[in-house]
Each structure stands twice: as structure tokens, then as C-alpha cells.
Protein chains: 2
Amino acid sequence: MKLTSKGRYAVMALVDLARFDNINPVSLRDISLRQGISLDYLEQIFSKLKKNEIVKSIRGTQGGYVLNKSPNEIKLTNIFHAVDEKVKTVQCKKESKKGCNGKATKCITHNLWDELEVHINTFFENKSLKDLLNNNKETRV
Amino acid sequence: MKLTSKGRYAVMALVDLARFDNINPVSLRDISLRQGISLDYLEQIFSKLKKNEIVKSIRGTQGGYVLNKSPNEIKLTNIFHAVDEKVKTVQCKKESKKGCNGKATKCITHNLWDELEVHINTFFENKSLKDLLNNNKETRV
DNA sequence: TATAAACTTGACCATTTTAGTCGGGTATGT
DNA sequence: ACATACCCGACTAAAATGGTCAAGTTTATA
Ligand code: FES
Ligand code: FES
């Protein structure tokens, strides 16, 4: 199970954005330089963040992005959903009664994977951008 | 973040094994048929489970595999570790002071990913094969 | 003792996903 | 006008995934 760079970058970029957001819009170029993320890749990511109304864009010189909500309203869940970073513990369709690879019934460990998915999503549900802003020095795991 | 089939199959197969384990060894062919997992793939998986002393093998006709420990001693952690299904929330080396892709320092969200990794691993640490055996009818998430 | 069931090992492979890059735009402040 | 910065879609190299295949060795049992 691994977290993809896209998801990781999305959160990194938004934390960066939230920090410098106060007065002026923040350009992707700045984020790219500060966080060491490819500019072209950031553009893909922010296009999705914008579609999902997590950020707003301002075009032209001195343009950039700003948050569209307050940091405590932006949860990891929202960010990951926006960039299609989803938690998948199974392959079969959620709604369907059928199991993986066309089996008539769900597998014997199916409950387990559902539990796991809930467990992970709970973490994402309980973390907001705001938490990440405060936490920078103190946290030590 | 998705769970790979290898990890999922390993757990499925072991639950199946634990159920039929009482008297005779269980052949991979049987597990393959019951769980709908490719026999060749199962062989790869059980080779690793054996190396990690989670199962024992009995060769020859009427042979098969048996658990090498009692079900409550086999945690998901052990199973996943055996088949190299690891939780990775970052790309950089854990021990190193350096960050991802050669950056001098860890990224601003690094604590978060460490927390996430711990959160997921806790789940695996707290589930044993035994839990999965009892849980089959009652659990409903 | 012949045979078949079942484990053992290692190589191989198609497909999908990931993590980008590239090349063109368009809008706008100075 | 021009540089900065967003916008958009296509393309791609490399890695991971989810297997398959071939050629063994071991052992119960008829
Ligand atoms: S994971 Fe698909 S059937 Fe259980
Ligand atoms: S994830 Fe690698 S530096 Fe933080």
C-alpha cells in the first residue's frame, strides 16, 4: 500500500499555499521552487484542486492561486478526493453483490478490507490543513 | 493508496487454510479452487509465507500446507511483512536525514506521513488470523 | 515400483499505473 | 507590448502489478 506522489504533492503544495496565502496569490512557480515539485506536474494537480473548489486562480502577472476555503474547512479527504487519490482495499465494485474477478459472492475477508478502508479514511477525515499549519515544529510522532 | 492483490490473497489463503487446517494439510489446489486464486500465483505467495515461518509444507501426495503458529499469533503485520506488502507513505529513506528526490531536508508534511503510516500499521498490528476466523458471520462494519 | 499429487524454483511477460514532460494556448498587470 | 502566470490536452519512459510457464523434486499409495 503506498501513497502516490500526486496525493503527497497536493497536500504539500496546499500547506505551502496556506502559509503564504495571506496577502497575495501564490504562483505555482514559487511553490515549485520551494517544495521541489515539477511545475508542469503542479499545474495538473492544481487544475483538479480548482475544479473541486479548493483553490481559486488569478490569472496574469502577479497572479497565482489562493485558498477557496479556510484551512480548517479543507480536510485531507477533500484534497485526496480532488486529485483522485482514493483508498482502495478491494478490486470489486462496492455496490455490486458480486465479488472480485466475477465471483458470485464476496470473499471471506471482505469485511476486513472494508474495516481497513474505513480506518484509513477516518484519518483523512480528521485532518485539516489547519492542523498541518500549527503542527510544524512541535510534532515529533 | 491501494492494497495489492498479493497482500489480499495472502490473507484470504491463510484464513482458508486456518479453517481446514485441523486434521490434514491443505493443498494449494484446494485453496485455489475455493478462493478463486491462480494456483501459480499462490505458489509464489506460499513460498514467502514458508520462508517467514508462517506455514509449514508437507510434500508428496496428500501433502499441502499447515499453519506453523496458532491463529492468534499470526497478525496481519506478519503476513504482510512476509509477502512484502509494506505500507509506504513516503519515497525517501526512513533513516536518512535527507528528503525525497535528494533534497537536503525532509518536506513540510513529513510528520503527517509518518503519522499516517503508524495509523495504518496499528490496524495490522491489532488483527490476527483468529479475529478473522470468528468474525465471519457477525461483522457488518 | 510406477504413478500421480503436490510442493519448489526461477524465469518470463502483458498490462496498467505512475510520474512526469511537452507544446501549445489565453489572460492580465505594468 | 511583453513578461508572467494560468490553462489544456497529448504524449511517454519507467516501474509495478498480477500473473503465466517450464522444469524440476518429494512422497503416499495402488
Ligand atoms: S475483495 Fe473483492 S470479493 Fe472481497
Ligand atoms: S516525504 Fe520524503 S521528504 Fe517528506
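Proteins come first, then strands; the chains are lettered A, B, ... in the order of their sequence lines, and each starts at number 1.
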Candidate nucleotides D:dC6, C:dC7, D:dT17, ranked by approach to the side chain of A:Lys2 - the nearest: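 The answer is D:dT17, which lies nearest to the side chain.
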A:Met1 or A:Asp30, whichever maps to the more 5' nucleotide of DNA chain D: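 The residue mapped nearer the 5' terminus is A:Asp30.
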Stepwise, does the side chain to side chain contact (heavy atoms under 4.5 Å, CB included) test hold for A:Asn24 with A:Gln62? CA-CA 8 Å; A:Asn24 304 311; A:Gln62 306 293 22; over 6 Å; no
Interatomic distance, [X] [atom1] vs [N] [atom2] [rounded to whole Å]:
X       : N      : atom1 : atom2 : result
B:Phe20 : C:dA6  : CZ    : P     : 15 Å
B:Phe46 : C:dT9  : CZ    : P     : 15 Å
A:Ile45 : C:dA19 : CD1   : P     : 10 Å
A:Asp84 : C:dT17 : CG    : C1'   : 13 Å
B:Leu33 : C:dA6  : CG    : P     : 10 Å
B:Met12 : D:dG18 : CE    : P     : 13 Å

Think [X] has a side-chain N or O under 4.0 angstrom from the OP1 or OP2 of [N]?
X       : N     : value
B:Lys51 : C:dT8 : no
A:Ser57 : D:dC7 : yes
A:Lys50 : D:dC7 : yes

With a 4.0 Å cut-off on heavy atoms, is B:Val26 in touch with a base, just the backbone sugar-phosphate, or nothing at all?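 Touches sugar-phosphate only.
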Applying a 4.0 Å non-hydrogen cut-off, can you work out what B:Tyr65 is touching in the nucleic acid: base, sugar-phosphate, or nothing?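 The residue B:Tyr65 makes sugar-phosphate contact but no base contact.
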Look only at the side chain of [X] and the backbone of [Y], and say whether a donor-acceptor pair between them is shorter than 3.5 Å.
X        : Y        : result
B:Arg19  : B:Leu133 : no
B:Ser32  : B:Ile37  : yes
A:Lys127 : B:Leu112 : no

Which letter, B, S or -, goes with each nucleotide of nucleotides 20-30 of chain C from 5' to 3', with contact meaning a protein heavy atom under 4.0 Å? BBB--BBBBB-
Looking at A:Glu117 and A:Lys88, is any side-chain nitrogen of the basic one under 4.0 Å from a carboxylate oxygen of the acidic one?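 Looking at A:Glu117 together with A:Lys88, the answer is no, because their closest N to O distance does not fall below 4.0 Å.
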How is the hydrophobic cluster of A:Ile58 composed, in terms of its other members, when Ile, Leu, Val, Met, Phe, Trp and Tyr link through side-chain heavy atoms under 4.5 Å apart, directly or indirectly?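 Besides A:Ile58, the cluster holds A:Val66.
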Side chains of B:Asp30 and B:Phe20, heavy atoms from C-beta outward: is any pair under 4.5 Å?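 In short, these two side chains do not touch, never coming nearer than 4.5 Å.
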Side chain to side chain contact (heavy atoms under 4.5 Å, CB included) evaluation trace for B:Leu14 with B:Val55: CA-CA 9 Å; B:Leu14 283 175; B:Val55 296; 3.7 Å; yes
At what angle, to 10 degrees, do the two end axes of the helix from C:dT1-D:dA30 to C:dT30-D:dA1 meet, given five pairs define each axis?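 Angle reported: 10°, given to the nearest ten degrees.
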Is the count of non-hydrogen atoms from other residues, nucleotides or ligands lying under 6.0 Å from A:His119 atom NE2 greater than 12?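 For A:His119, atom NE2 is crowded (more than 12 foreign heavy atoms under 6.0 Å).
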